[in-house]
Amino acid sequence: MSCEFHPTNDLSKFYTDETVTDSERNKSLPGMDIINGIFSSRILSYLLLGYAISILVVVIMIVLENRSPLKTISWILVLLLLPGLGFLFYIFFGQNFRKEKIIARKGMRNQHRLHYLAHSQIIQLTEGNLKGNEIASDTTGIVRLLLNNSSSIVTSGNDVTFLNNGKDKFEALLRELNNAQKFIHLEYYIFEEDNIGYQIKQILKEKARAGVEVRLIVDDVGSWKLKRSFFDEMNEAGVEAYSFLPVRFPLLTSKVNYRNHRKIVVIDGRVGFIGGYNIADRYKDGDMKSYGIWRDTHIMIRGSAVNSLQSIFLTDWFFVSETELTDPGYFPVSEPVNNKVIQIVASGPDSDWPAIMMGIFHTIVRARDYLYIATPYFMPSESVLFALKTAALSGVDVRIIIPEKSDAFITLLCSRSYIRELLEAGVQVYFYQKGFLHAKTIVCDDKISIVGSANMDFRSFEQNFEATAFIYDKATAQEMKETFLEDQRNSEIILLPEWIERPYIEKVKESFARLFSPLL
């Protein structure tokens, strides 16, 4: 008995017909769809297993870095909630390079000089004979702290001019640039080639052609709009211009998170600028479509504190150019021009300690009468937040002004997530109404004034290269306090009952955004 198979279709013709696709042939085979499914699911399983292993490895790396639990949990959430994308975020923005010291400074003669001066001043403080009797006895603690954590030397005989709007800031800067005779050193996070940027660029080129030494550092990410032709044009005119930590894929992508946020100008060693203003038209004219005027604070310094600004610039210059400038002419001896005592403090991934955050923390805990803070972004570390609430609960008049409108939506949500607990502790919180408040200032007890580039957030405290002036002077503190009170008059106070009654969806968005505040 024979058994024959009679196909209903001519299979030989089916498999030799060139018009039939491979997928159609595979589908015709008995069980082929099952085999394809098993094969596809196996590949998917391998991919998922590989991804899970890579995530586990990254999580272990994060845990072993011994970061704050809050930051560790935040990164783990990013990895879990954003599959694939979260891993890329960690590679680009999450690795901790503080211990590697992105800028190696220990071999620099300028740094040896600073360490020697700082050590000498610590000895003088201990013996009670530090030059400059203007330093009150109850501020020596913070002075000693900043000497120890960042070698920020104390300078006396300085004068300070506040520049609280773009018009005043840029008029003063253009005037001093035009008066330069020997050298001009500029360092900015943002430098745009718009109207004001073009004016400054032309002055720098003219001065360089006239024999003035001109050096410029801009952050590569902050000034990403600058084209290669800008640097070529500057170099052809004799201006030495560099980008700080250039981001070139795939090189240096892991360090894109560490940006130079400083705003420093030093001219002839006789005048310096530091504060919150960058170089772009919006800092002068505002952005009337989005948030109105731009309210910021910068200071112009004359006196020996200018040499401290110079030290910071030359350290960064050594990093970008691999050239150390040690000529004494860059550090001229200044005659006293007033009686203000100043410490210029730098911090960043190259620092042993988060010096600026520590100085702010000390200022908060030593406050006895009042503490007034203006900041565009409020995402403090747990220690700073706890200190603020403790100060308010102990009877200190603590007030904070933040903008109601911001140039960064997520950071605005994060900032708002802290308001309720501040109000419950007795901190007065205000929303600035007259535009965008970008000032980074603190004034305490008519004794200490703080102004610079550092925001009240994780990024400024731990990741960015920042520079801030701590000023110990009653008249300066009173002037800064009056500026704060003027900003307060242009602000709306936030009341706890009304804040609690806001729509629930607003609270959800703010709380969710806060989970990522250590990473912003």
Side-chain angles (χ1 to χ4, degrees), residues 142-143 145-146 149-155 158 160-164 169 172-173 185-190 217 219 222 259-266 271-279 283 295-301 303 305-313 315-316 340-348 350-351 353-364 371-378 380 384 401 437-444 448-473 476-477 479-480 483-484:
I142 187 171
V143 169
L145 167 68
L146 299 176
N149 70 11
S150 58
S151 296
S152 301
I153 62 173
V154 186
T155 62
N158 299 289
V160 172
T161 301
F162 280 94
L163 307 168
N164 291 320
K169 190 267 182 176
L173 178 59
H185 293 160
L186 300 92
E187 181 171 359
Y188 278 97
Y189 176 63
I190 296 174
I217 302 173
D219 184 78
R259 307 318 314 166
N260 191 326
H261 197 239
R262 294 166 180 161
K263 295 93 174 167
I264 293 173
V265 178
V266 178
V271 62
F273 293 82
I274 184 174
Y277 279 106
N278 288 291
I279 302 236
Y283 299 104
R295 212 334 251 133
D296 215 328
T297 295
H298 224 75
I299 57 173
M300 181 173 63
I301 301 174
V306 176
N307 285 341
S308 296
L309 291 175
Q310 182 79 297
S311 294
I312 298 171
F313 177 87
T315 298
D316 292 345
K340 303 182 189 304
V341 177
I342 300 177
Q343 277 181 294
I344 304 293
V345 185
S347 68
D350 59 332
S351 306
W353 306 93
I356 294 174
M357 183 180 75
M358 295 174 81
I360 290 174
F361 176 85
H362 192 287
T363 302
I364 296 170
L371 183 78
Y372 296 163
I373 300 171
T375 180
Y377 317 111
F378 186 80
V384 170
I401 301 179
L437 179 70
H438 193 251
K440 308 116 177 356
T441 62
I442 300 175
V443 58
C444 176
I448 301 175
S449 306
I450 303 173
V451 58
S453 64
N455 300 307
M456 187 77 73
D457 62 15
F458 288 92
R459 176 165 294 279
S460 284
F461 288 161
E462 299 181 6
Q463 295 172 331
N464 283 343
F465 294 85
E466 305 280 5
T468 292
F470 286 71
I471 308 167
Y472 313 107
D473 177 71
T476 301
E479 183 176 357
M480 184 178 284
T483 299
F484 178 93

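Only heavy atoms go into these numbers, but all of them, side chains included; no hydrogens, no water, no symmetry mates.
Taking both residues in full, the closest heavy atoms of Met480 and Ile442 are given as SD-O, 3.4 Å, listed atom of the first, atom of the second, then distance. Taking all atoms of both residues into account, the shortest heavy-atom contact from Ser308 to Ile153 is OG-CG1, 3.8 Å. Here the shortest heavy-atom pairing between Ala477 and Val443 reads O-CG2, 3.3 Å. For the pair Val384 and Phe461, the tightest heavy-atom approach, listed with the atom from each and the gap, is CG2-CE1, 4.1 Å. The minimum heavy-atom distance between Ala172 and Met300, with the atom names listed, is CB-SD, 4.4 Å.
In this structure, Ser460 contributes its side chain and Met456 its backbone to no donor-acceptor pair below 3.5 Å. Judged by distance alone, with hydrogens and angles left aside, the side-chain atoms of Ser150 form no donor-acceptor pair with the main-chain N or O of Ala346 at under 3.5 Å. A donor-acceptor contact shorter than 3.5 Å is absent between the side chain of Thr476 and the backbone of Tyr472. At least one donor-acceptor pair closer than 3.5 Å links the side chain of Asn158 to the backbone N or O of Ala305. The backbone N or O of Ser152 lies less than 3.5 Å from a partner atom in the side chain of Gln343, making a donor-acceptor pair. Checking side-chain atoms of His298 against main-chain N and O of Tyr277 turns up a donor-acceptor pair under 3.5 Å.
Asp219 has its side chain out of reach of Ile190: every pair of non-hydrogen atoms, C-beta onward, lies at least 4.5 Å apart. Val265 has its side chain within reach of Leu173: a pair of non-hydrogen atoms, C-beta onward, lies under 4.5 Å apart. Looking at heavy atoms from C-beta onward, Thr483 lies in side-chain contact with Arg295 at the 4.5 angstrom threshold. With a 4.5 Å cut-off on side-chain heavy atoms, Val306 and Val266 count as touching. Contact annotation: the side chain of Val160 never approaches that of Asp473 to less than 4.5 Å [non-hydrogen atoms, C-beta and beyond].
There is no side-chain donor-acceptor pair under 3.5 Å between Asn278 and Tyr189. Inspection of the Glu466 and Ser453 side chains reveals an N or O donor paired with an N or O acceptor under 3.5 Å.
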Full working for side chain to side chain contact (heavy atoms under 4.5 Å, CB included) between Ile274 and Val451: CA-CA 8 Å; Ile274 184 174; Val451 58; 5.6 Å; no
Audit row: Ile360, Ile373, side chain to side chain contact (heavy atoms under 4.5 Å, CB included) steps and yes/no: CA-CA 10 Å; Ile360 290 174; Ile373 300 171; over 6 Å; no
From CA spacing to verdict: side chain to side chain contact (heavy atoms under 4.5 Å, CB included), Asn307, Thr155: CA-CA 9 Å; Asn307 285 341; Thr155 62; over 6 Å; no
Full working for side chain to side chain contact (heavy atoms under 4.5 Å, CB included) between His438 and Tyr377: CA-CA 8 Å; His438 193 251; Tyr377 317 111; 4.2 Å; yes
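Note that the CD1 atom of Ile312 and the CD1 atom of Ile264 stand 4.5 Å from one another [nearest 0.5 Å]. With rounding to the nearest 0.5 Å, the separation of NE2 in His261 from CZ in Phe465 is 13.0 Å. Put simply, CD1 on Ile471 and CD1 on Ile301 are 6.0 Å apart, with the number rounded to the nearest 0.5 Å. In this structure, the separation between CZ on Phe470 and CG on Leu145 is 8.0 Å, given to the nearest 0.5 Å. Between the CD1 atom in Ile448 and the CD1 atom in Ile142 there is a gap of 4.5 Å [rounded to 0.5 Å].
Under the side-chain hydrogen bond (donor to acceptor under 3.5 Å, both in side chains) rule, Lys440 has a single partner from Asn455, Thr468, Thr297, Thr375, which is Asn455.
In this structure, Phe484 and Tyr372 have parallel ring planes: the angle between them is below the 30° cut-off, well short of the 60° mark. Using cut-offs of 30° and 60° for the angle between ring planes, the His185 and Phe313 rings count as parallel.
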